[in-house]
Amino acid sequence: MRPFLIAALIGSTALPALAEEVNIYSHRQPMLIEPVINAFTAETGIKVNTSFIDKGMVERLRAEGARSPADIVLTVDIARLGEIKDAGLLQPVEDPALEAIPAGLRDADNEWFGVTTRARIVYASKERVADGEVTTYEDLADPKWKGRICSRTFGNDYNVALTAAYLAHHDEAATREWLTALRGNLAKKPEGNDRAQVKSIWAGECDISIGNTYYMGVMLADPEQKDWAESVRIVFPTFENSGTHVNVSGVGMTKAAPNRDAALKFMQFLVSPEAQRIYAESNNEFPVTEGVPRSELVASWGEFTPDDLPLPEVSALRPQALKLIEEVNFDG
């Protein structure tokens with residue numbers, strides 16, 4: 001077996017040697033996926049080897065080619081899933097358990113599948129932003145927010161996906177106008193991650209920011225960031241005449257997949273009720289399997305209506321969205 005950046009036998013050292021294994025390349029930190037991997041091995045007896053690859057997954061898979069040890073890719077955001085698919089590095093998987101995932105949350109060619117979702121929401125200051133003051137993504141272009149918005153770069157995958165969704169609901173001219181106005185409302189140059197924007201709200205540097213829902217759970221669990229989280233509330237904005245933009249954490253089987261049968265078992269397990277509960281709870285995300293409840297913390301953030309725009313349509317507009325972001329020089 002080839003060496004991995006992180007390779008671990010999940011389970012008790014008292015277990016006998018395992019006959020099957022599955023190799024995962026993951027954009028997510030090992031600690032975030034370990035609970036579901038532990039449960040998978042406990043149920044199936046299949047050994048799991050995980051490589052954390054923060055950047056360059058496409059390049060690595062291309063370089064390894066047909067000899068790649070990777071069976072599975074686990075990643076966040078349709079941008080990364082779309083990039084891996086577009087590079088021809090995934091294979092279609094036909095399976096009833098996976099096809100039960102809502103069509104809007106999986107690839108039309110069955111090459112990638114959403115396993116949890118998160119919403120791209122507004123974090124609003126409890127002290128300086130009234131309830132109902134921001135209700136739509138279109139509102140963010142309103143001049144009343146001039147000097148009051150903080151944002152990470154819009155070239156970031158999460159914001160490219162949001163812009164692509166905006167483009168799907170509007171036209172190119174309207175999206176360019178929205179980006180220009182939103183940029184004009186920024187309190188400072190885009191920088192940092194989603195949590196850094198909440199820190200800026202807590203520090204009084206701005207009043208609202210755009211971020212993923214799960215970061216609220218991350219901040220509340222960190223003593224150094226808890227005060228940031230408690231200074232804001234989550235607002236679920238919508239597109240006019242639609243819902244709240246959502247994105248996915250997703251899975252795909254590599255074209256090379258040397259352990260296809262074990263890889264398929266892992267993918268099937270990810271959408272089982274047990275794994276959905278574990279994976280969604282450990283990552284503060286929303287399950288995709290019908291009937292699986294949200295964690296108590298995630299449920300406390302309130303109800304919302306997800307945008308019904310299929311994510312494959314959003315993914316297809318990523319290049320055009322990024323071009324518009326660059327044209328308006330959003331990130332300066």
Side-chain angles (χ1 to χ4, degrees), residues 10-11 22 24-46 48 50 71-78 80-81 90 93-107 110-121 161 212-218 220-221 234 236 243-253 261-308 310-312:
I10 307 301
V22 60
I24 297 173
Y25 282 2
S26 173
H27 273 133
R28 299 204 105 155
Q29 294 279 0
M31 69 188 73
L32 298 178
I33 61 175
E34 186 177 79
V36 76
I37 288 176
N38 285 338
F40 171 71
T41 299
E43 179 171 308
T44 65
I46 296 175
V48 178
T50 306
D71 300 297
I72 291 289
V73 293
L74 270 179
T75 186
V76 293
D77 192 81
I78 54 166
R80 294 185 178 185
L81 289 164
L90 300 178
V93 178
E94 307 291 338
D95 183 81
L98 297 169
E99 290 167 11
I101 297 170
L105 301 178
R106 55 184 168 89
D107 176 50
N110 290 326
E111 293 193 22
W112 59 258
F113 302 85
V115 292
T116 54
T117 65
R118 80 290 295 272
R120 193 82 178 142
I121 49 85
N212 288 341
T213 42
Y214 62 79
Y215 284 119
M216 176 61 85
V218 174
L220 288 171
I234 287 177
F236 291 97
T244 299
H245 173 63
V246 297
N247 211 319
V248 293
S249 297
V251 64
M253 186 183 298
D261 289 345
L264 179 57
K265 290 176 184 177
F266 182 77
M267 294 175 74
Q268 292 168 333
F269 181 76
L270 281 180
V271 295
S272 69
E274 179 189 6
Q276 282 284 288
R277 179 188 61 77
I278 295 170
Y279 199 52
E281 184 166 336
S282 62
N283 292 289
N284 299 300
E285 293 181 318
F286 305 100
V288 299
T289 301
E290 187 176 353
V292 178
R294 301 172 183 177
S295 72
E296 183 176 347
L297 174 62
V298 172
S300 73
W301 299 337
E303 295 296 323
F304 69 99
T305 301
D307 187 14
D308 58 7
L311 287 182

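This chain uses plain numbering: 1 for the first residue, then up along the sequence.
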Note to self: For D107, give me all partners under salt bridge (charged side-chain N to carboxylate O under 4.0 Å, His left out), at least two apart in sequence or on another chain.
What the structure shows: K85
Note to self: I need the full list of salt bridge (Lys or Arg N to Asp or Glu O under 4.0 Å) pairs touching residues 265-283, with sequence neighbours left out, sorted by first then second residue.
What the structure shows: E20-K265
Notebook entry, point to check: What residues form a side-chain contact (heavy atoms from CB on, under 4.5 Å) with V73, not counting sequence neighbours?
Noted result: Y25, M57, L61, I84, L90, T254
Item checked: Listed partners of R80 passing salt bridge (charged side-chain N to carboxylate O under 4.0 Å, His left out), at least two apart -> D157
Checklist line | Partners passing ring pair (Phe, Tyr, Trp, His ring centres under 6.0 Å) against F304 (at least two apart in sequence or in another chain) | finding: F236, F286
Notebook entry, point to check: Got a sec, which residues hit salt bridge (charged side-chain N to carboxylate O under 4.0 Å, His left out) with E303, two or more places apart in sequence or on another chain?
Noted result: R294
Checklist line | Whether T41 side chain and N38 backbone form a donor-acceptor pair below 3.5 Å | finding: no
Margin query: According to side-chain contact (heavy atoms from CB on, under 4.5 Å), who are the partners of L32, at least two apart in sequence or on a separate chain?
Written below: R28, Q29, N283
Check: Looking at residues at least two apart in the chain, or sitting in another chain, which of them share a salt bridge (charged side-chain N to carboxylate O under 4.0 Å, His left out) with R106?
Finding: none
Checklist line | Partner residues of F40 under the ring pair (Phe, Tyr, Trp, His ring centres under 6.0 Å) criterion, sequence neighbours left out | finding: F266, F269
Note to self: Applying side-chain contact (heavy atoms from CB on, under 4.5 Å), can you list everything that pairs with P293, at least two apart in sequence or on another chain?
What the structure shows: none
Checklist line | Partner set under side chain to side chain donor-acceptor pair (under 3.5 Å) for D261, not counting sequence neighbours | finding: none
Check: Which pair of non-hydrogen atoms, one from P273 and one from V292, has the smallest distance, and what is that distance?
Finding: CA-CG2, 3.9 Å
Checklist line | side-chain contact (heavy atoms from CB on, under 4.5 Å) partners of L81, counting only residues at least two apart | finding: T75, W112, V248
